[in-house]
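Take a look at the structure below.
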Amino acid sequence: MDFSVLVFLAQQMMFFSIPLLIVALGGMFSERGGVVNIALEGIMILGAFMGVLFMYLTQNVEGDGAPGALSGQWLLVIALLIAAVCGVIISLPHAYAAVQMKANQVISGTAINMFAPAFAVYIARMIRSVQQIPFNNTFRIKSVPLLGNIPIIGPLLFQETYITTYLGILIMVVSWIVLQKTPFGLRLRACGEHPQAADSVGIDVYKMRYAGVMISGALAGVGGLVFVIPTATTFDATVAGYGFLALAVLIFGQWKPGRILLAAFFFGLMKTISVAYSSITFLSGLAIPSAIYKMIPYIATLVVLGFTSRRSMAPKASGIPYDKGSR
């Protein structure tokens with residue numbers, strides 16, 4: 001295989017893997033605290049929508065005298081922060097329903113998934129009369145200074161890239177440290193495994209579960225925007241099922257940051273094959289319909305979950321409402 005093709009495939013895999021990694025880590029924090037966050041898809045949509053909308057309003061996207069003319073990496077950073085805040089806000093109703101109201105966590109998460117695209121389309125049509133919100137992609141880094149000149153590694157990891165790639169790796173490292181090496185992580189894991197025991201030693205289970213869901217919301221919101229930036233120049237109220245795929249990554253990764261990273265790379269590779277198969281000589285020579293290739297990530301999801309679901313080690317209290325008065 002030509003090295004330039006290998007570089008292209010590696011870059012594409014990172015574009016697909018990093019949002020999966022970020023969102024799956026978000027789901028990990030929520031479930032480690034004891035709350036199943038089915039709403040990852042909806043939170044991704046709203047986080048991406050608010051981030052893209054901010055960029056649209058602050059860039060001169062259509063040359064129509066838009067009020068702003070911002071560009072560059074700082075604009076992306078601010079948009080990511082807005083996506084994170086939006087993710088936290090939209091996750092709060094799910095946290096309230098799951099923690100305070102003891103509601104079915106699947107139903108409350110599904111409600112957000114149904115609300116998110118409808119809300120995004122409604123607001124987009126109010127602003128532009130169509131559901132697509134465009135933005136100018138001024139965020140691609142042609143070559144990272146010094147690192148981009150390293151033989152082999154430079155073209156693979158530090159050329160034609162985005163800061164979101166490095167942000168995803170940073171989030172993974174910080175997530176591992178927080179979960180495994182800090183008192184907060186220990187308390188969060190205790191609330192997802194044995195909430196009664198955690199409560200008996202003075203840990204506020206409700207607050208910890210709220211914190212887990214809010215962190216999950218922030219990361220899902222960021223992941224939504226991270227998914228859109230490298231792959232499109234418009235947002236039309238969809239993230240192509242990535243929130244549900246992130247749940248598969250979470251399960252395949254056994255709720256552990258290191259394994260989630262490997263799972264995200266695997267599913268990112270499957271997604272890359274589904275969209276860039278024509279660049280792979282061996283695959284392009286096969287008389288296989290394009291629709292089959294597009295199904296690869298989802299077929300891989302079913303196969304992987306089929307083989308791993310029996311051995312999954314989910315937090316024992318995940319999805320089980322905690323009633324302080326029932327000890």
The complete set of ring pair (Phe, Tyr, Trp, His ring centres under 6.0 Å) pairs with one or both residues in residues 156-192, sequence neighbours excluded, reads Phe15-Tyr162, Phe158-Tyr166
Going by ring-ring contact (aromatic ring centres under 6.0 Å, His included), name the residues that satisfy it together with Phe49, two or more places apart in sequence or in a different chain. none
Quick one: side chain to side chain donor-acceptor pair (under 3.5 Å) partners of Thr238, sequence neighbours excluded? none
Lys316 meets the side chain to side chain donor-acceptor pair (under 3.5 Å) criterion, sequence neighbours left out, with none
Contacts of Asn149 that satisfy side chain to side chain donor-acceptor pair (under 3.5 Å) - sequence neighbours left out: none
Pairs touching residues 158-180 that satisfy salt bridge (Lys or Arg N to Asp or Glu O under 4.0 Å), sequence neighbours left out: Arg140-Glu160, Lys142-Glu160
Report yes if the side chains of Leu25 and Ile215 come closer than 4.5 Å at any heavy-atom pair, otherwise no. no
Please identify each residue that fulfils side chain to side chain contact (heavy atoms under 4.5 Å, CB included) with Ile82, with sequence neighbours left out. Met50, Phe54, Ile78
For a quick test of your reading: what N or O donor-acceptor pairs under 3.5 Å do the side chains of residues 85-98 make, sequence neighbours left out?
residue, atom, partner, partner atom, Å
Ser91, OG, Gly87, O, 3.3
Ser91, OG, Val88, O, 2.7
His94, ND1, Ser108, OG, 2.8
His94, NE2, Val36, O, 3.0

Listed once per pair and sorted, the ring pair (Phe, Tyr, Trp, His ring centres under 6.0 Å) pairs that draw on residues 213-251, sequence neighbours left out: Phe227-Tyr242
Which residues share a side chain to side chain donor-acceptor pair (under 3.5 Å) with Ser216, sequence neighbours left out: Asn37
For residues 18-34, which residue pairs qualify under salt bridge (Lys or Arg N to Asp or Glu O under 4.0 Å), counting only residues two or more places apart or in two chains? none
Would you please name every residue forming a ring-ring contact (aromatic ring centres under 6.0 Å, His included) with Phe119, sequence neighbours left out? Phe115
